[in-house]
Amino acid sequence: MAAALHLQRGLRERLRSGEVEITVVEPEAYFTYHPLLAEVAAGSIDPRHVVVPLRRVLPECRVLTARITRIEHATRRAFADAAGPGEPPAPVELPYDLLVVAPGSVSRGAPVPGLAEHGRGFSTVGDAVSLRNHVLEQLDLASATRDPALRQAALTFVFVGAGYAGVGALAELEDMARTAVRDYHNVDVTDLRWVLAEATDRILAEESPELAEHTLRELRERGVDVRLGTTLASAADQVVALSDGSRFAARTLVWTAGVRPAPMLRDTDLPLDALGRVRCLATLQAVGPDGRALPGVWAAGDCAAVPDPNANGDPCAPNAQHAFAQAELLARNLVVALDAGPYAPGLEAYEPGPASCSTSLGIGRAVAHTRRGARITGRRAWWLHRARHLRRLPSAERRVRVLMDWVLGGVFSREVVSLGGVEYQRSGFEEGFEPGPGRPPGAGPEAPR
Ligand SMILES: Cc1cc2nc3c(=O)[nH]c(=O)nc-3n(C[C@H](O)[C@H](O)[C@H](O)COP(=O)(O)OP(=O)(O)OC[C@H]3O[C@@H](n4cnc5c(N)ncnc54)[C@H](O)[C@@H]3O)c2cc1C
C-alpha cells in the first residue's frame, strides 16, 4: 500500500491520462498497521482504526481483492485467485510490464505436537480481536466453573516467542486482564498465570540489550514467568510441555516465534535467497542472473533480501521501519526507471537512517529508543511510542480515529467487554431450529407470534 501510495502521487498525471495503470492485488480489502495490534487486543484501539481501506486511499489504482498464487516473470504474467478461503477457485490472469513484490511474511510454524490444533497466531487484526475475546472468556469460565483443574487451565496464558509481537501482546493483555479481574468476585490478579517462553537468551532482539533487560525486569516484577533458552516441546491435549521439563495445562497458547517470507514466492521464477526472500540490489530491484538488475521486478519489505549497509551488507531485518522506507524509495526509483530504464544512473541505493523502536507494555508503560540513541522507559516512553505511531499511521483519518480512542481511553477506564459471540454469530439463529420431523421447509412459522 505504501509503495502504491507513493507511485500514485509520483505518476498522478500519467494515471489520469491512462498512460500508466497500477493494479494492487491483496486478499484483504485493507492495509493493516501491525505495530498497534497489541493495543487492539487490549481494547485501547478499535480494530477498524488500525486498518486502512485500500480503495479509499488508492483511488487512482485498480484494487483487486485476490491472492497471487503464481508469478511467471519470463512471460510477465501473474496468476491470482479471487475466491475466499473454502470457496471454489476464481482464477484471474494478470499480464504486467512491471512487478512490485511485497507479500510480507507469515508466522514461522514448527512441527510441535498439538501446536496446529491449539496454538493461535498474532499477526492479523482478526487474531488480535479473537485473542482479546478468548482471554476475557477464560476469565468468565474460571469464574463460573467449580472444576479447579479447568479453572487453572483457563487462567494460564502461554506465549512462545519474545519479539515485539509476543512481548507487546502479552504485556498489553496482562495489563488488560489486571483491570478486568477487578469486576469478578472470585478471580484475583494473583490467580492469573502468564508464561513467556523464548528460545534465545534474551527478549526483544530488535531492542538494545539495556532496554530488553529493563523489559525483562518489568515483566518479572509484574509476575510474568519469563523463561529464556526455553522452547515449546508439545501442546497436545492443551497441556503445554516446555523444553525445561515443565508441564502444565493451558487453554491459551499464542505462537509469536518468528516469521518466514510469504510462501507464495516459491511458486515464482524470481531469484530467491536461502530463506526464500527475493534477492535484491540496494536499488530495490531484483537481482538478475548477471548480478545486475533483473528488468521489471522490484521488491520491498519482509519478503525482500535488501542489503543493509549498517549490518555489513546482511539483509535488512523484517520490520515496519524498513518496509515503509523501502516502499518510498522503491516508488521514487521506479518512476525514474520508467523513463530512463532499469540501469539508469539516477537510481538511489537504500540507506536506512538510524533505527528508532518502541514497545508498549500496557497503559503508561513502554520502552523506546530514539534515532539519537536515547533510551527511555516508563510513561515518557509510552507517550513517545504513541506519538511515533500516530505520525507513522499512513492515513490522516486513521490518525484522528486512533487519537480519539486514546483520549476516550484516558477519560474512561479500559473497555473489558468480550464480544466472543461475534465469532459464533450463527449460533443464536441455529438454536432456533429443533431437530425432528418438523414442518417442511418454507411452510412458514408453526404458530403466529
Ligand atoms: C503483531 C506484530 C507487531 C509488530 N510490531 C512491530 C513494531 O512495533 N515495529 C516494527 O518495526 N515492526 C513491527 N512488526 C513487523 C512489521 O509489521 C512488518 O515488518 C511489516 O508489516 C512488513 O511490511 P510488509 O509490507 O513487508 O508486509 P505486510 O505488512 O505483512 O504486508 C504484506 C501484505 O501482502 C499481502 N499478501 C500476502 N500474500 C499475498 C499474496 N499471495 N497475494 C497478494 N497479497 C498477499 C498480505 O495480506 C499483506 O497485506 C510487527 C508485526 C506484527 C505481526
Side-chain angles (χ1 to χ4, degrees), residues 1-5 23-42 50-52 54 63-71 78-82 92 94 99-108 120-128 131 159 161 163-173 204-207 254-268 277-278 280 284 299-306 316-328 330 352 355-361 366-369 385 388-389 392 394:
M1 184 207 68
L5 268 177
T23 302
V24 178
V25 188
E26 161 64 57
E28 308 295 348
Y30 52 79
F31 157 87
T32 303
Y33 189 71
H34 295 107
L36 291 179
L37 283 186
E39 292 190 54
V40 169
V50 296
V51 302
V52 179
L54 293 176
V63 176
L64 192 64
T65 308
R67 177 175 291 278
I68 296 288
T69 51
R70 191 160 66 85
I71 297 171
F79 301 87
D81 185 356
V92 184
L94 299 160
L99 176 71
V100 174
V101 193
S105 49
V106 295
S107 181
R108 188 179 52 211
R120 306 169 153 264
F122 192 74
S123 58
T124 66
V125 76
D127 291 341
L131 180 58
F159 287 66
Y164 32 42
V167 170
L170 181 147
E172 284 285 345
L173 282 164
L204 286 181
E206 341 28 40
E207 270 296 355
V254 186
W255 180 261
T256 49
V259 295
R260 66 188 170 95
M264 175 275 293
L265 294 170
R266 291 195 299 250
D267 294 317
T268 68
R277 295 169 293 194
V278 179
C280 288
L284 304 171
D302 286 7
C303 80
V306 179
C316 295
N319 66 42
Q321 270 190 78
H322 284 307
F324 278 114
Q326 289 172 1
E328 190 177 348
L330 184 154
S356 59
C357 193
S358 58
T359 306
S360 173
L361 303 173
V367 288
H369 73 249
H385 169 81
R388 186 179 275 169
H389 287 300
R392 286 188 188 160

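For ligands, and for the atoms within them, numbers begin at 1 and follow the listed sequence.
Put simply, the side chain of Q326 gets close to the backbone of G301: a donor and an acceptor are under 3.5 Å apart. In this structure, T359 contributes its side chain and G168 its backbone to no donor-acceptor pair below 3.5 Å.
Ring pair H389/Y33 is perpendicular by interplanar angle, where above 60° counts as perpendicular and below 30° as parallel.
Between E172 and S360 there is a side-chain heavy-atom pair separated by less than 4.5 Å.
Distance check, rounded to the nearest 0.5 Å: CD of E328 to CG of L330 gives 11.0 Å. Atom OG1 of T256 sits about 8.5 Å away from atom CG of L170, to the nearest 0.5 Å.
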Would you mind writing out a table of all protein N or O atoms found under 3.5 Å from any N or O atom of ligand 1, naming both atoms and giving the distance to 0.1 Å?
unit_1   : atom_1 : unit_2 : atom_2 : d
ligand 1 : 11 (O) : A320   : N      : 2.9
ligand 1 : 12 (N) : Y164   : OH     : 3.2
ligand 1 : 12 (N) : A320   : N      : 3.1
ligand 1 : 17 (O) : H34    : ND1    : 3.2
ligand 1 : 19 (O) : D302   : OD1    : 2.8
ligand 1 : 19 (O) : D302   : OD2    : 3.2
ligand 1 : 19 (O) : N319   : N      : 3.4
ligand 1 : 19 (O) : A320   : N      : 3.4
ligand 1 : 21 (O) : H34    : ND1    : 3.2
ligand 1 : 26 (O) : D302   : N      : 2.8
ligand 1 : 41 (N) : I68    : O      : 2.9
ligand 1 : 42 (N) : I68    : N      : 2.8
ligand 1 : 47 (O) : E26    : OE1    : 3.4
ligand 1 : 47 (O) : E26    : OE2    : 2.8
ligand 1 : 49 (O) : E26    : OE1    : 2.6
ligand 1 : 49 (O) : E26    : OE2    : 3.2

